[in-house]
Every structure is written in structure tokens, then in C-alpha cells.
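The basis for the numbers below is simple: all heavy atoms, side chains too, and nothing from hydrogens, waters or symmetry mates. Small disclaimer: the values here were computed from a predicted structure and weren't measured.
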Amino acid sequence: TFEITTSGDGPWVVTASNARGEDGKRLNLRDAMLPVRDPSSRVVVRMRAGTRVSGRVVDEAGKGLAGVGVTAGTRATKTDAKGAFVVEGLGDRKVVVQVQPPSGMVRPQAQTVDAGATGLEFRLTKGLSIQGKAFDADGKPLGQGYASAQWPAYGDIPQGAAGAQLRAGGSFEILGIPPGVIVKVQVQVWSGSGSTAYAPAVVEGVEPGTSGLEIRLGAGLTLEGRIVGHDGKAPGACFIYGRSKDGRKQTGWVQVGEDGRFRLGGLEAVAYELRVTRQDGGASPSPVTVTPPAGGIEIRLPQTVSLGGRLEGLGGETGQGWRIRVTTADGKQVSATSVLADGVWEIPAIAELDEVWIAATKSGDDRYARAGPVKTNAKSVVLRLARGKSITGVVEGAVVDDRVRATVYAEGPNGWRTTGRIEKDGSFTIKGVPPGTYVVHARMYGTNPKKTAVTGVRDGGSGVQLDLR
């Protein structure tokens with residue numbers, strides 16, 4: 001039995017998960033969700049028998065690795081002493097199984113398998129490292145900071161990131177980087193308050209295995225101001241972040257004071273977009289663009305409302321995997337959320353706007369749903385799935401060394417965006433495209449980034465040619 005104290009007007013969704021027996025062991029039961037409109041009624045949540053997936057995590061020699069984290073969907077476990085794992089409580093559909101590798105080892109490619117799959121194997125390999133040292137402009141070593149490495153997906157190597165704290169004397173060693181990728185390394189230092197007098201430094205095009213990398217962080221300019229609530233009062237717990245227009249300069253997230261005041265240091269004389277996030281779940285304000293040095297900046301938090309509805313036309317399927325995206329007419333994303341199993345979706349705190357467009361998409365699915373314009377205080381927006389068309393073509397130069405190193409996507413009216421899949425022969429398919437005219441983009445990442453686009457492509461268009469060579 002259970003008792004939950006509710007607040008607000010509802011409706012509510014009761015979730016039962018991670019069922020365990022009297023002995024404390026996890027039971028093979030699926031999570032269950034039940035919409036509730038009358039909190040005074042007797043609520044019975046029935047958890048159905050689940051399925052499982054199992055396998056092993058081994059090293060390069062085939063020896064089992066103990067204590068390695070494994071996730072399947074939303075379920076997680078750890079391998080036993082022989083490297084074996086069993087993840088239970090799953091549904092009937094395909095599930096993505098992922099491994100969280102130990103320090104120094106490369107994250108393997110996730111496997112999408114059928115429910116009930118057995119005999120899975122994840123073979124972990126040791127990664128390469130990047131070693132270096134952080135200095136200020138005068139050559140003084142810096143401490144109390146963090147060095148991070150990021151790389152895009154390259155063929156079978158998934159997108160990834162790794163990081164390490166700066167040691168005494170400013171040195172760092174980032175482990176577990178797969179060979180063959182090109183890495184962006186960023187170093188950021190901070191004081192005990194979380195602020196910094198140094199601008200984060202970014203080095204592009206670093207190869208795994210690099211040692212002796214020297215990164216210098218220069219003293220910078222400042223931005224100071226205050227964040228206030230929509231009523232003019234202190235806003236509560238917030239964080240603020242600044243990023244230059246080209247994305248190369250970033251401040252990192254800095255906590256705002258209890259009185260709403262903030263200070264960002266270590267900046268350069270370029271325009272920064274200031275973004276605010278709230279810990280109370282409320283809507284964030286639109287980005288504010290400021291060029292340092294500057295003071296007296298005031299950012300006012302918007303009045304928030306709730307937006308919700310349901311996704312119809314699932315045809316007996318659950319809402320798992322479907323995403324809701326809310327945009328303005330010019331394509332700026334306002335918010336996003338996931339659809340619950342019964343098709344219900346809700347964004348409990350969103351800025352109050354008169355006109356937004358709402359889209360529902362699922363990766364690899366040829367259906368879509370959209371609605372708009374609507375006000376963000378709408379409580380019952382119905383999104384009905386329809387069969388979309390596909391846009392097909394070829395991206396020349398997308399495959400390098402037998403690996404897909406590019407992405408392709410279509411952008412349309414009212415912020416619509418659909419991402420496609422590029423095959424190893426360079427051909428691509430973008431599914432679930434509504435009626436309309438689109439701009440199809442292709443982008444190449446790495447040390448030699450490129451991008452191109454074709455305009456005026458209709459839904460169902462074929463033979464689209466994009467050239468990244």
C-alpha cells in the first residue's frame with residue numbers, strides 16, 4: 001500500500017517502479033504508470049511480468065570484468081565477479097543496452113536488442129590519454145579546475161566525453177579516449193565561490209595519446225548584474241551561463257547569489273549570450289546578449305504556466321521514445337519533454353507565450369504530430385499522429401576511412417526539425433517529414449568542419465545532393 005499527498009488541480013500520474021520482494025531482491029516486474037484524476041479514489045497500480053536481457057562484459061583478453069555498470073532502457077545493474085549481468089523488469093520492445101566503462105577504458109558501442117536477448121557481449125578496450133598542463137598568461141600553473149575532452153561520433157565510435165581534475169601544479173591526464181577520434185579539450189579553473197578570473201580555454205583538433213599539451217588561460221573582463229523574479233523579488237536558486245555567439249568562448253555555470261546578483265569573470269571583448277536556469281523548474285528567460293565589460297545588467301524571469309496534452313494514434317503502442325518539442329514561430333526551442341507510456345505529456349513550468357508550435361517526433365519513425373499556434377497555458381493539446389514522407393539523397397564526403405563523420409537534418413516552418421540517418425555509402429533518409437518545403441543541412445565535424453545546405457526541398461523529395469568534399 002502507499003499514500004501520496006497531492007497538490008494542484010491534476011490530473012496526476014502515479015508511477016510504480018523498481019519492485020522488490022520481502023527479501024529486498026529486485027523482482028522481474030515492469031514499471032507501471034496510471035493517470036489519476038480523482039485523488040480521493042482507490043488507486044490500484046498493476047505491475048506486469050517483465051522480460052530480461054543478459055550477457056557479459058569482458059576485457060580485451062575475454063576475461064570477465066566485475067562491478068561494471070550496465071543499463072537497459074531505464075533499468076541498471078552491475079556485473080558480477082565473472083562479468084555477467086542480467087537486467088530485468090523490461091518491456092516487450094527493443095531496448096538499448098549500454099555499458100559504463102571503468103576509468104581508463106573506452107565506452108563501447110551501445111547495442112539495440114530484442115526483449116529477452118541473451119548472450120550479449122561487450123568487449124572493453126583500454127583507451128588512450130591526453131596529458132597536459134594549465135597556465136595563466138604569465139606562465140604560472142593553475143589549480144582547482146577541470147579539463148574535459150569531447151569528440152563527435154565517428155562511424156561505429158559513439159559520441160563521447162571524458163574529463164579529469166587539475167592536479168597540484170596545473171597538470172591533468174584525461175583517460176579512456178578511443179583511438180581514431182579528434183578531440184576538443186577545454187580547461188576551466190574557478191575559485192571557491194565558483195567564479196573565475198580566467199576565461200576557459202579550448203584547444204581543437206587534439207589527437208588521443210597527446211602529451212605535453214600546454215593550455216594558457218588569460219585574465220579577462222567581467223559582466224555583473226542581477227536576476228529578479230517576474231514580481232521584482234529575489235528569484236530563488238538560479239545558475240547563469242555565458243557563451244559567445246560562435247560558441248568558442250564559455251563561462252561555465254555560476255551560481256547566482258541569494259539576492260539575485262551575479263558576476264562572470266575571465267571574459268573576452270566579444271558578445272556573450274547569457275542564459276539562466278532555475279532549480280525550481282520554472283521557465284527560464286530568453287538569452288540576453290551583452291559585450292563585456294558591463295555592469296548593472298538586469299534579467300527578469302518570466303511568469304510561468306503549465307502546458308500539456310496527449311499524443312493520439314499510437315495504435316496500441318506506448319508513448320515510449322516519443323519527444324515533444326515546443327518552439328516559437330522563428331524556430332527557437334522553448335521547452336521539450338518526453339511522452340508517458342499512456343500518451344500523456346506535460347511541461348509543468350513554461351514561459352507564458354501567446355503563440356508556440358508543438359511537435360512530436362520519434363527517432364526512426366515515419367510518423368509525426370504537430371499543433372499550433374497555441375498558447376502555452378493550454379491544458380489539453382491533442383497531438384494526432386500522421387504518416388509523414390521521407391526525404392532521401394546522398395551526402396558526398398560524409399564517409400571518411402569507412403566511417404560516417406557527418407549528420408543530416410531537415411528544417412522547416414515554425415521550428416520543425418527532423419534528423420536523418422546517413423549510411424556508409426553516403427545515402428541518407430530523413431523520415432517522418434510533414435507536408436511543406438524544407439532546408440536540408442549536412443554538417444561535418446572534427447578538425448576540418450564543413451557544412452552545406454540545399455533549399456526548397458519538398459516533403460517526399462528524392463535525389464537530394466549535398467557535397468561536403
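- In plain terms, the two heavy atoms of Pro108 and Phe122 that are nearest each other are CG-CD2, 3.9 Å.
- Put simply, CG on Leu385 and OH on Tyr368 are 10.0 Å apart, with the number rounded to the nearest 0.5 Å.
- Between Arg48 and Asp31, none of the side-chain N atoms (NZ, or NE/NH1/NH2) sits under 4.0 Å from a carboxylate O, so this pair counts as no salt bridge.
- To the nearest 0.5 Å, atom CZ of residue Phe262 and atom CD1 of residue Ile227 are 5.5 Å apart.
- Between Leu301 and Val228, every side-chain heavy-atom pair lies at or beyond the 4.5 Å cut-off.
- Going from atom CD of Gln159 over to atom OH of Tyr154 covers 10.5 Å, rounded to the nearest 0.5 Å.
- With contacts defined as side-chain heavy-atom distances shorter than 4.5 Å, the pair Val356/Val374 qualifies.
- More than 12 heavy atoms of other residues, nucleotides or ligands lie within 6.0 Å of CD in Glu273, so this atom counts as buried by the packing criterion.
- Listed here is the closest heavy atom pair of Thr291 and Ala269: CG2-C, 4.1 Å.
- In this structure a side-chain-to-backbone donor-acceptor pair under 3.5 Å is present from Ser284 to Val276.
- Remark: Leu264 CG to Tyr272 OH distance equals 9.5 Å, nearest 0.5 Å.
- Salt bridge Glu346/Arg310: absent, no basic N to carboxylate O contact under 4.0 Å.
- In this structure, a donor-acceptor pair under 3.5 Å is present between the side chains of Gln333 and Arg325.
- Side chains of Pro285 and Pro302 form a contact here, defined as non-hydrogen atoms less than 4.5 Å apart.
- The number of heavy atoms from other shown groups lying within 6.0 Å of NZ (Lys362) is above 12.
- Thr71 contributes no side-chain N or O that, together with a main-chain N or O of Arg75, makes up a donor-acceptor pair within less than 3.5 Å.
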Intermediate values then yes/no, salt bridge (charged side-chain N to carboxylate O under 4.0 Å, His left out), Asp259 and Arg226: CA-CA 8 Å; Asp259 60 357; Arg226 183 167 176 259; over 6 Å; no
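- With values rounded to the nearest 0.5 angstrom, Leu166 atom CG is found 10.0 Å from Gln188 atom CD.
- With rounding to the nearest 0.5 Å, the separation of CD1 in Ile215 from CZ in Phe172 is 4.0 Å.
- One finds a salt bridge joining Arg384 and Glu312 here, because a Lys/Arg side-chain nitrogen approaches an Asp/Glu carboxylate oxygen to under 4.0 Å.
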Test log, rule side chain to side chain donor-acceptor pair (under 3.5 Å), inputs Thr437 and Arg458: CA-CA 5 Å; Thr437 303; Arg458 292 288 304 177; 3.1 Å; yes
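- Residues Phe239 and Val254 are not in side-chain contact: their nearest non-hydrogen atoms beyond the backbone lie 4.5 Å or more apart.
- Remark: the backbone N or O of Asn414 is paired with a side-chain donor or acceptor of Thr327 at under 3.5 angstrom.
- In this structure, Glu298 places its CD atom where more than 12 heavy-atom neighbours from other residues, nucleotides or ligands lie under 6.0 Å away.
- Salt bridge annotation for Asp136-Arg216: absent, with no cationic side-chain nitrogen under 4.0 angstrom from a carboxylate oxygen.
- When every heavy atom of Lys379 is checked against every heavy atom of Asn377, the shortest pair comes out as NZ-O, 3.1 Å.
- Using a 4.5 Å cut-off on side-chain heavy atoms (C-beta onward), Ile350 and Val326 make contact.
- Ser338 and Arg323 share a donor-acceptor pair across their side chains, judged by distance under 3.5 Å alone.
- Aromatic ring orientation, His441 versus Tyr409: parallel (interplanar angle below 30°, classes split at 30° and 60°).
- At least one donor-acceptor pair under 3.5 Å links the side chain of Thr376 to the backbone N or O of Leu353.
- Using modelled atom types, one finds a donor on one side chain and an acceptor on the other under 3.5 Å when comparing Gln100 with Arg107.
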